[in-house]
Each structure stands twice: as C-alpha cells, then as structure tokens.
Number of protein chains: 2
Amino acid sequence: MRKVTMADVAKHANVSKSTVSQYLNSRFDYMGKATKKRIEQSILELGYQPNAVARSLKQKKTFTIGVIVANILHSFSTQVIRTIEDICHENNYHVIVCNADDSPKKEKKYIEMLMAKQVDGLIVFPTGGNIELYESLVKNRYPLVFMDRIVPDVPVDTVILNNEKASELAINHFVKKGYERIGIITTSLIQKITPRIERIEGYKKALNKRSIAVQDEYVRGIEIKEITASLEAMFSLPKPPQAILAGNDLSLMEVLRYARDHKKQIPQDFALIGIDEVSFASIYSPALTIIKQPTLAMGEKAATLLIEKIEKADTEKEIQVYRFEPELVVRESC
Amino acid sequence: MRKVTMADVAKHANVSKSTVSQYLNSRFDYMGKATKKRIEQSILELGYQPNAVARSLKQKKTFTIGVIVANILHSFSTQVIRTIEDICHENNYHVIVCNADDSPKKEKKYIEMLMAKQVDGLIVFPTGGNIELYESLVKNRYPLVFMDRIVPDVPVDTVILNNEKASELAINHFVKKGYERIGIITTSLIQKITPRIERIEGYKKALNKRSIAVQDEYVRGIEIKEITASLEAMFSLPKPPQAILAGNDLSLMEVLRYARDHKKQIPQDFALIGIDEVSFASIYSPALTIIKQPTLAMGEKAATLLIEKIEKADTEKEIQVYRFEPELVVRESC
DNA sequence: CTGTTAGCGCTTTCAC
DNA sequence: GTGAAAGCGCTAACAG
C-alpha cells in the first residue's frame, strides 16, 4: 500500500495542499465549513497520516528531545528518565534515551547522533569528559540541561541534589541514634563525579560540625567490585565503624551483600543508611533507612526547563544550578 | 550561529552538493584524491553536521525504531528494553521508548505518533486492546515484532517465554523439596494477558502431571493491592499452602511484603519461587529462588528480527512465535 | 477563504 | 570524476 500524502488528500478533496495544511494545523480562521468537511472526509477515506519528517524539515523542529544518561544502571537515572518522559509526552515531545555507560566517547557519539537527528534539546547526565563539546553546544545556544552532575566552568542550567545535605541528614540520624564511628563508601572517585565528591565532602563537614574527627580509613570511594574487600578491611580495624553510609544504590547493594556474606546483622552489627531509594527498601529485612532524592521534582524541573528553553529560545534567562533537597526516610536499618 | 548546510560545504570546497553527498556516503569509487581532501577540509573548517531529517525525508528511512511497552514497571520490560537498545545502537538505529501503561488508548496514540515520525519499525508489548490497529499494520507490511504477549489471530512474529515451562520448573522444584500444597499468585487476569494465563495453565498442568489436585483456593490472579488480602485468606485456610509461586516480579514483591508484615519465615513457614529476576534476589534474606527469563536473548531476538524485516523488506519469511526457555535459579527461598 | 509558489537539506539519476 | 536538476512531503508568505 503506497503512502498517501497531502497531495492525494488535496486532490481527493478538490482543494490545494495549503488548504489541507491549514486544516491539519487547526488554522480554521477563515475556512469554509464545506471545505473543512470535505477535507475531513478525504483524510478518513484515504487513511491519510501526516509525515512528521517532512514537517520537521520545514519547521526545523522535531518535537523530540534527547536524554543522555551517564549510567543507566543507577535507579536514580531510571526514575528520573521516567518522569522526564511523562512530562515530555504531556507536552507532545518524544524522548530518545541513550546510555553513555560512563564513557565520554560514547557520550560524544550520542550527542552527535542526536544533533544530526535535529533533536530540539538535550538533557545530559554529563560524564564530564567532553568539555569542548559542551562548550560548543553552549556557544551555539543549543537548548541543554545538565542533570545530577556539575561541569565546572561550563554555563549550563543544572538540576542536582543538595548532596552535602544528603550526607548531613544521614550523619545527623546516625549521631542521634548514638553512632559516632561512621564510615562512608561509594563508587569510584577517580572521575570527580559531583555527587560522590559532594557527598563525601558533606559527610566530612557534618562530622566536623559535631566535632567528630574524620578517620580516613572510614572513607572509601572505589570500584563496585572492590567494595566488599574494602568493607572487610574497614571492619577489621581495631576500631571498626559502627555505621555505614552507602553513597548510592549500587554501593548500598554491595554493602548488603557484604553483610549477608559475613553474617553481619543490621543494625545490630552496624547501622546502615543508603542514598537513593531502591525498589526493595521497604520489604528488605531490615527495611532500609535511606536518603531519598526527589526524583519526580527533579525530572520535572529538567524537562520543563528544557521545554521552556526550546519554546522561548530568545528570552535570556540566567544560568542557574537548581538544588533539590533530599529527604530522610527512616525505616529499620538505622 | 547559522546552521551550516551541505551547500555551504560544497561552495567552500568548490564542488557541487552531489559530490559532497557522495563523499559523506563513502562512495569514493571514482572520487579524486584532491577533491576528497578538500571536502574533508571544508567540513572540518565549517563544522558541518549532516541533517538526518533531510536525509530521512529523501530516503524514507529514519534509522529509528519505536518500542511500546505495556507496562514499564516490570523489571522484565526494562531488562528487555536495555538489550534492544544495545543491539539497535550497534546497528546504528535509535530507539524511542513509550510506556502504554496498560492502556490501549495510550498504546494507540503512541503507535500513531511513532508512525507519523516514520519510525522504520516497531517492537510492541501489546496491550491486546487494539486488534484493528495491529491488523492494519500487518496489512501495510509495516515491520513489527510483538514481545511477551500473543495476540490471537494477528499474524506477527512474536518473542515470548515458554511460560508453561516456567511454571513447570517451579512446580518440579517445589515437589522435589517435598511441597505439595502449592499456591500461585499473579496480577490481574481480566485482560487475558498471555504470560499470566499461560503461567497459571502451566501450573495446573504440572500439578496434574504429578497427580496433585489443583485447588482453586490456591490460585489467584488479582490486582496488586489485593494480593496481601488474598494471601491472608489463603493462609487462613484449614490447609494453607506450603509454597507460593509468584507469577511476576510485582507479585513477588507483594508476597515478600506479606511475609514481612506477618512475620512469616521463608522458607520455614512457606517456600517461595518467583518468576522474573529481580535486582535484589541474591542479597535478600533468604536469597530468592527464581525462574529467570532469558531477557538478553529475547531482546536480542526481537531487535535483530525487526532490523532484518526492515532491511530485507521483500523476503517473505514465515510468521513465527519464538519461544524462549526459562531457567531455574536455585537460591534459598526454596 | 483558497491557491500559487518557493523552499527546508539532502539524495540520486543522468549528463557531460 | 563531477555537476545539474528534480523531488522527498510539508509549510508559509503572499496573491487573488
């Protein structure tokens, strides 16, 4: 079955293409009732479906945005993506999601592919490894929003958690429960990923504020696979930690795995708080006390911010970092 | 900064657009070394980026496929989507994912949007509520693959689990462990969703095969929120079940929640097997015995099948249902 | 109120 | 080896 085009409809309804176009774009201002009816009829009869590609070419607008996430494995990413998609679909935008897999090279490839596809804007969880590319996007006034991570010296609106506060909430709760020897463990720090850096920073500040000395042996930012070993070392110290703050969902799972494998009881043997909500937090034994990111609000902010940028390209708005407040959800692990 | 087009490159390199086009499409067959160099140079200098929309319009090919998932909340969906994306990106296709949220109306809207966007093909986890639409896609020979669910009488290649076998594996394991009073609980059956129907069917057949009578009070297909109540009823029976088969990940979590809330020990108070792998299966206490779907193989099959259809539009291949074999992963819950 | 016209940026014969 | 020209399906002035 050959594709039926606007020209076919026009012919069938005995009008010109432009009239059909008007009709499709609801510019009924001065359209004759009869013409309208005829066009409607023809569209139905022929089973006409507009071709968005042709329209995009002409309008220079695809109603599609791209989302490039640094690592799709984090629950945070998937949660945020979900709300971004919701908001976009409400606004009739489509979303193409790409997973950079923590690789700047992949990130670059995806940004280029998405731009070739003429997406109207980009939400990026930046790997941080493509400063020049980011800068060229900014220079070209390409609608862009960063999520979760700050890229120093590149002026882009950024939606991010108040990470220091997240650690502070955890420390406060630990201390309130009587714990003083508190460890923090998170994934690798070599890439200077904002949340990890800031969470450790917040951890240190919070301890200082309460005049608890920071012990370097209690602080680890390492590869997932080494977390177990790291924990083993930490708990072999003369004074092992009494509590652990897991810097993100993946670390949290490793800590749980460690506890299981070493028959450590939580919170009896050590108390535990994780940053990031995980699907099983409330059904785990013990139910997990966690610091929750407001993923809904954050995804919504990023999406609306981007759509705004797209639709009001001119209005100069100041570049901002939007910090969102974490929330302590107390359950049983501390 | 104005967009630089192929015409700009052509002018700058002192060749015609068609030559540039040739260059971009690596048709170097008879191209002069010098011209090649000049074009290369110009592209770099001007920072030219091809416009895929224009190309798509001409070629009638977008290198984009759509995936419409019935319900994104299932871990199965996200796992499959992930591998579909991987395979597609390997083949230079982009993926637009839409969540129909179990609503045929949304599904319809998304199918139409995606077709308007001229996606080259569609992988659908069908809600089952749009038979006519599916049929019209088939009639128009639109590249289409169904996933996870069979739509009766609509001839579309379908990738799906051997669901009856999944139940059978579970029953076999239960029986081997000495359990005979085995319940099954899964999400609502009113929509006649293939996996749920087949898993219950498989459960019954497997029991029959071992001459265990099927007790209707042990079989429930209901809304998520009612699972707890249902379980309470089941365990209040004079002869409560000794083992529970959870029909999917969401049901599994509800069963776990029930066990927690009612202080039931697994597997002492009842044994448990779930269908679908969940992220926390190995770190839960007890570690969860589950039936795993080969999501990787399934996603890969769906994606390659679709790409094949797209790229060899003509070659008539027979419509098939591809059944994949589940696998029992024994841990501690049974 | 509706039709004519001129592209959007690219690919693709077919000449030269 | 390279260029000219037509056209993909649609939109947007501008006429009439």
Side-chain angles (χ1 to χ4, degrees), chain A residues 1-43 46-64 112-113 115-120, chain B residues 1-43 46-64 112-113 115-120:
Chain A
M1 195 169 111
R2 224 194 87 271
K3 215 71 193 192
V4 15
T5 91
M6 213 166 77
D8 301 323
V9 177
K11 202 180 300 166
H12 189 274
N14 253 306
V15 293
S16 79
K17 283 195 301 172
S18 22
T19 310
V20 178
S21 175
Q22 305 275 40
Y23 170 85
L24 289 172
N25 293 285
S26 321
R27 275 193 272 287
F28 297 133
D29 313 357
Y30 299 104
M31 200 174 331
K33 271 253 172 205
T35 339
K36 207 161 122 185
K37 265 273 177 299
R38 256 181 307 137
I39 295 177
E40 212 163 281
Q41 188 58 23
S42 304
I43 288 179
L46 302 179
Y48 168 70
Q49 304 265 145
N51 179 329
V53 173
R55 156 189 289 224
S56 292
L57 178 59
K58 183 69 189 177
Q59 291 190 154
K60 297 168 173 314
K61 182 135 177 40
T62 53
F63 280 97
T64 304
E112 280 165 358
M113 281 177 93
M115 297 201 54
K117 269 204 148 55
Q118 314 295 110
V119 298
D120 297 333
Chain B
M1 194 168 111
R2 225 194 86 269
K3 211 82 191 182
V4 15
T5 91
M6 213 166 79
D8 300 325
V9 177
K11 201 181 302 167
H12 188 273
N14 253 307
V15 294
S16 78
K17 284 195 299 172
S18 19
T19 311
V20 178
S21 175
Q22 306 275 39
Y23 171 85
L24 289 173
N25 294 285
S26 322
R27 276 192 270 285
F28 298 131
D29 311 358
Y30 297 105
M31 198 172 332
K33 270 253 173 206
T35 341
K36 206 161 124 186
K37 264 276 178 296
R38 257 183 305 138
I39 294 177
E40 211 164 280
Q41 188 59 23
S42 303
I43 288 179
L46 301 179
Y48 168 71
Q49 304 265 145
N51 179 329
V53 172
R55 155 188 289 220
S56 291
L57 178 59
K58 183 71 191 180
Q59 291 191 156
K60 297 169 173 315
K61 183 136 175 36
T62 54
F63 280 98
T64 304
E112 281 165 359
M113 281 177 94
M115 297 201 55
K117 269 203 147 58
Q118 314 294 111
V119 297
D120 297 333

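Lettering follows sequence order; numbering is per chain, from 1. Excluded from the calculations below are hydrogen atoms, water molecules and symmetry mates; all remaining heavy atoms, backbone and side chain alike, are included.
Looking at B:Lys117, its side chain does come within 3.5 Å of a backbone N or O of A:Thr62 through a donor-acceptor pair. A donor-acceptor pair under 3.5 Å is absent between the side-chain atoms of A:Ser21 and the main chain of A:Lys17, judged by distance alone.
Every residue two or more places apart in sequence or in another chain that forms a side chain to side chain donor-acceptor pair (under 3.5 Å) with A:Gln41 is listed here: A:Glu45.
Counting to the nearest Å, the C1' atom of D:dC10 and the NZ atom of B:Lys117 are 15 Å from each other. A straight line from CG of A:Leu24 to C1' of D:dG9 spans 12 Å, rounded to a whole angstrom. Counting to the nearest Å, the P atom of C:dG9 and the NZ atom of A:Lys61 are 16 Å from each other. In this structure, A:Ile39 atom CD1 and C:dC1 atom P are separated by 14 Å, rounded to whole Å. Residue B:Met6 contributes atom CE, which lies 13 Å from atom C1' of C:dC8 at whole-angstrom precision. As a whole-Å value, the separation of B:Gln22 CD from C:dT11 P is 10 Å. Straight-line distance from the CG atom of A:Asn25 to the C1' atom of D:dG9: 13 Å, rounded to whole Å. Between the P atom of D:dG9 and the OH atom of A:Tyr48 lies a distance of 10 Å, rounded to the nearest Å.
Counting only heavy atoms from C-beta on, B:Thr5 has its side chain closest to C:dG9 among C:dG3, D:dG9, C:dG9. The side chain of A:Asn51 lies closest to D:dG9 when the candidates are D:dG7, C:dG3, D:dG9. Listed candidates were D:dT2, D:dG9, C:dC10. Nearest to the side chain of A:Leu57 is D:dG9.
In this structure, B:Val15 and B:Gln59 both approach DNA chain D, and ranking their closest nucleotides by distance from the 5' end singles out B:Val15. Summary of the strand contacts: A:Lys58 and B:Lys58 both lie near DNA chain D, and taking for each the nucleotide with the nearest heavy atom, the more 5' one is attributed to B:Lys58.
Contact annotation: A:Lys60 reaches the phosphate of C:dG9 (side-chain N/O to OP1 or OP2, under 4.0 Å). Note on A:Ser16: a side-chain N or O is less than 4.0 Å away from OP1 or OP2 of C:dG3. Dashed line: the shortest gap from a side-chain N or O of B:Thr19 to OP1 or OP2 of D:dT2 is not under 4.0 Å.
At a cut-off of 3.5 angstrom, counting only N and O atoms as typed in the model, there is a donor on one side and an acceptor on the other between the side-chain of A:Ser18 and the base of C:dT4. No N or O donor and acceptor, one from the side chain of B:Lys3 and one from the base of C:dG9, sit under 3.5 Å apart.
No engagement by A:Ser56 is indicated, since no non-hydrogen atom pair under 4.0 Å with the nucleic acid exists. At the heavy-atom level, B:Lys17 lies under 4.0 Å from base atoms of the strands shown.
Summarising the geometry of A:His12 relative to A:Leu46, their closest heavy-atom pair is CB-CD1, 3.8 Å, with the distance given to 0.1 Å.
Of the options B:Arg38, B:Lys37, B:Lys33, a side chain to side chain contact (heavy atoms under 4.5 Å, CB included) to B:Thr35 is made by B:Arg38 and by none of the others.
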